Protein chains: 2
Amino acid sequence: MKGKTTRGHIVESADRLFYQCGYEHTSFADIADSVQISKGNFYYHFKSKDEILDAVIQARLENTRNMLMRWEVEGERPEDRIKSFIQMLIANQADIKMYGCPVGTLCTELAKLNHASQAEAIELFTLFRTWLSRQFALLGRDADADELAMHLLARSQGVATLAQAFRDESFIKHEVRQMCDWLSSQLAQTNQEGSQ
Amino acid sequence: MKGKTTRGHIVESADRLFYQCGYEHTSFADIADSVQISKGNFYYHFKSKDEILDAVIQARLENTRNMLMRWEVEGERPEDRIKSFIQMLIANQADIKMYGCPVGTLCTELAKLNHASQAEAIELFTLFRTWLSRQFALLGRDADADELAMHLLARSQGVATLAQAFRDESFIKHEVRQMCDWLSSQLAQTNQEGSQ
DNA sequence: GTCTATATTTGGATAGAC
DNA sequence: GTCTATCCAAATATAGAC
């Protein structure tokens, strides 16, 4: 969709390069090469590198919102939807093994740069956080829904960081199983409390 | 100790700046300013920026080895020593909130740069991994000692990443309590199996 | 809208005086 | 061992032709 216009191509390539090589390490020349346009043409579409970053983050936000809506529709019960989140680690394991989590690594980098778009990047985390929190609330865990959401987010971040450091996909699979077990135990706990 | 010589000062300042601002984003000028020497003097002590990074990683490796040996001496039982690891998140919570985990963020950055010193940085993770694994083995969990070690490492990485993104120290405290609970449940499981 | 050419700045690195 | 001066390459950004 986005890829049809030159601007769309730029955002698409920048998105991938920022993920694979980092924001600061990716130069205009890299993006220009990738999109097959001249460096000069660039500035017709964006005033600065920061503007490209903004566009990339906005695109990621939109993609994430769409994905969460899809999960919401496709998953019958809240626990099925939470499983969609956990399974994302499996679906993207090849990329995660090579480049880590696109959200976590971007937030980490922007924090060190003290970059103006930090807040926007963190909003990516917030999308998952509030969505997961809502699913847990639907399961009757209103009281600690946000804590459960943050716990699950943290688990997936840790898995991504170590899977990348040790270049280990089997670790992802192993931890995903444990996260599913954890979810089941939380459901059991919920049902137990609900029946009291 | 290291801080007495100019070389030591450079490594010390570079270590802090690499942690707070990232390796690539930290320039020679930044380090020179911090150490209060001229940029030229620099090259008497190191041939390149990469060499400084190597020195920083070696210093961190040594500091980590010393810390692990200290924990080994100070902690009576293996579970006490593992608690030392978990408590590290509390001891360093102010820094973690601002800059994340020094090991995780360095490994993540070097991976994106595809930097030659990646392997050395990952060795920092390996130190914790093998040390934790040994503690779990001492608890009689030889079979899954490494998995337990990786699980704990991942948990702490995830906590650091999210605590930094959301600038939230209370999240660290909350998750540390849960990690201690998890450790207790693992000990219970171990004792149960041991008595069968 | 896209190109080439170029200005400007920064950062890593060297030379040589002291 | 430390300094100043300088070189060189890379990266962001601009100007202006087509």
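Computed from a predicted model, the values in this text were never measured in an experiment. We name chains A, B, ... by the order of the sequence lines, and we start the count at 1 in each one. Just the heavy atoms: all of them, side chains too, but no hydrogens, waters or symmetry mates, feed the values below.
If you measure from atom NZ of B:Lys49 to atom P of D:dC8, you get 22 Å, rounded to the nearest angstrom. Per the geometry, CD1 belonging to B:Ile37 stands 14 Å off C1' belonging to D:dT4, to the nearest Å. Protein atom CD1 of A:Ile31 is 12 Å distant from nucleotide atom C1' of D:dA11, rounded to whole Å. Put simply, NE2 on A:His25 is 11 Å from P on D:dT12, counting in whole angstrom units. The distance from atom CZ of A:Phe46 to atom P of D:dA11 is 20 Å, rounded to the nearest whole Å.
Between the side chains of B:Asp30 and B:His25, no donor-acceptor pair is found at a separation under 3.5 Å. Side chains of A:Glu147 and A:His151: a donor-acceptor N/O pair is absent below 3.5 angstrom, by distance only. Side-chain atoms of B:Gln178 and B:Arg155 form no donor-acceptor pair, as typed in the model, at a separation below 3.5 Å.
Within 4.0 Å of A:Ser27, counting heavy atoms only, lie sugar-phosphate atoms of the nucleic acid but no base atom. Residue contacts for A:Tyr44: at a heavy-atom cut-off of 4.0 Å it reaches a base atom on one of the strands shown.
Nucleotides of DNA chain C with any atom under 4.0 Å from a heavy atom of chain A span, from 5' to 3', C:dG1 to C:dT4.
Position along DNA chain D of the nearest nucleotide to A:Asp30 versus A:Gly40 favours A:Asp30 as the more 5'-ward residue. Summary of the strand contacts: A:Asn41 and A:Glu24 both lie near DNA chain D, and taking for each the nucleotide with the nearest heavy atom, the more 5' one is attributed to A:Glu24.
B:Gln164 contributes atom CD, which lies 10.5 Å from atom SG of B:Cys101 (distance to the nearest 0.5 angstrom).
The aromatic rings of A:Trp182 and A:Phe136 lie perpendicular to each other, with more than 60° between the two planes, well past the 30° mark.
In this structure, A:Tyr43 has its ring center closer than 6.0 angstrom to the ring center of A:Phe28.
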